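Reading through the structure tokens given below for one structure.
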Number of protein chains: 2
Amino acid sequence: MPPSAARADTRHSPRKRAGNGAAPRDVGDDVGLDALVGHAGYAVRRFQIWIFQDFIKTLRDVDIRPTQYSVLTVIGANPGLSQMAVAKRLGIERARLVHLLDSLEQRKLVKRIKSKEDRRSHALHLTAQGETALEKFKRLAAEHERHVEAKIGKENRAQLLRILSGFT
Amino acid sequence: MPPSAARADTRHSPRKRAGNGAAPRDVGDDVGLDALVGHAGYAVRRFQIWIFQDFIKTLRDVDIRPTQYSVLTVIGANPGLSQMAVAKRLGIERARLVHLLDSLEQRKLVKRIKSKEDRRSHALHLTAQGETALEKFKRLAAEHERHVEAKIGKENRAQLLRILSGFT
DNA sequence: GAAAGATTGTTGTTGACGACAACAATTGCC
DNA sequence: GGCAATTGTTGTCGTCAACAACAATCTTTC
């Protein structure tokens, strides 16, 4: 990752060394991003890649990825939710949630209980093992969050959460 | 997307209606996120999904996705770059860039020129058609950026760019 | 109460994407 | 001159979003 490479380059005309066209220039890191700086999407994408990689690395021992963590957290806080409700709340495809739950159920962290009221749906619950495991996951996730603070600054992280609070 | 659903829920104990376990609760949208609020990664992920969807929608007529736009922009601003240099600068796999360039070259937007100096590498350039097309792409991308401003606020967007400037 | 329509979980496909591994051609190093 | 490294390419694997189709089950409507 290029944490602090050359930025602030908004020229529209090609740069030095444009010449004819048979000379590949890549020595050094003075490659301008042009219009890319100033695009929120680009910065957010790069940041998201970094943040996910750190999350995965920090929770490597317990083998939990961000999406799995979000599913477990929501079920833990709202026992009895249906799959559709979880999918809608987290903004993931219900088709994808099926596989996620298959995996989590195999690992004895979650159980699907057939509902008596609506026999189409399943009521989702954490197992006892899942409860204690989630506690550990949360501690590790908090550690990851401290990495984020160290990376962008405590105050900036708080500000970022405030700005994006409408998307959660 | 749940733009302004119930937030600020940091309880650790299960919520109302926990009961035994055969009742699926998903009526209404009072599903708490628990520890998920307070995780920058979750908010950033949701925001990134929104922002990419808007970008794709805004540039639908010209059929350009964010990654393609970033590649074209960097080549346009740095003619003659090698594939390796572009990949490194944008943080994408060089293997993936191959397919991206295949597509862009088929559409006559980019051309690979065999380098005389280093016969392993290609010097990347925009075609004349690619230059004019990129102009249009940039106008549409600017329109997308205004959507972002409308969504999170002009000042917040600027602040966000400032916070994440280290990742570009 | 029965038919028509909607919802839930499931399976499958498609395509974008990141991560790796292997390979031939070429370059740089010693 | 020979060996390691680099560049572009091809391929595989797993994650992920977006759809489409389906059976079982509600819900609505007549």
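Being a predicted model, the structure only gives us computed values, none of them experimental.
Scanning both residues, B:Asp34 and A:Ala77, for their nearest heavy atoms gives CB-CB, 3.5 Å.
Between the CH2 atom of B:Trp50 and the C1' atom of D:dA17 there is a distance of 18 Å, given to the nearest Å. In this entry the distance linking NE2 of A:His99 with P of C:dG12 reads 8 Å, nearest Å. Note: CG (A:Asp102) to P (C:dG12) measures 12 Å, nearest angstrom. B:Leu101 has its CG atom 12 Å from the P atom of D:dT10, to the nearest Å. Here the P atom of nucleotide D:dA17 and the CG atom of A:Leu97 are 11 Å apart, to the nearest Å. Protein atom CZ of B:Arg46 is 14 Å distant from nucleotide atom P of D:dC16, rounded to whole Å. In this structure, NE2 of A:His122 is placed 13 Å from C1' of D:dA23, rounded to the nearest angstrom.
B:Gln106 contributes no side-chain N or O that, together with a main-chain N or O of B:Ser103, makes up a donor-acceptor pair within less than 3.5 Å. A donor-acceptor pair under 3.5 Å links the side-chain atoms of B:Asn78 to the main chain of B:Val74, judged by distance alone. Between the side chain of B:Glu131 and the backbone N or O of B:Ala128 there is no donor-acceptor pair closer than 3.5 Å.
Looking at residues two or more places apart in sequence or on another chain, you find a salt bridge (Lys or Arg N to Asp or Glu O under 4.0 Å) between B:Glu105 and B:Arg112.
Under the 30°/60° scheme for interplanar angles, the aromatic rings of B:His144 and B:His147 are found to stand perpendicular.
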Readout for nucleotides 14-22 of chain C: B = base within 4.0 Å of protein heavy atom, S = sugar-phosphate only, - = neither; 5' to 3' it is --SSSBB-B
Quick tally for nucleotides 25-30 of chain C: nucleotides whose base has a protein heavy atom under 4.0 Å get B, sugar-phosphate-only ones S, the rest -, giving BBS---
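Ring centroids of A:Phe47 and B:Phe167 are separated by less than 6.0 Å, placing the two rings close together.
At a cut-off of 3.5 Å, with distance as the only test, a side-chain donor of A:Arg46 or A:Tyr42 sits close to an acceptor on the other residue.
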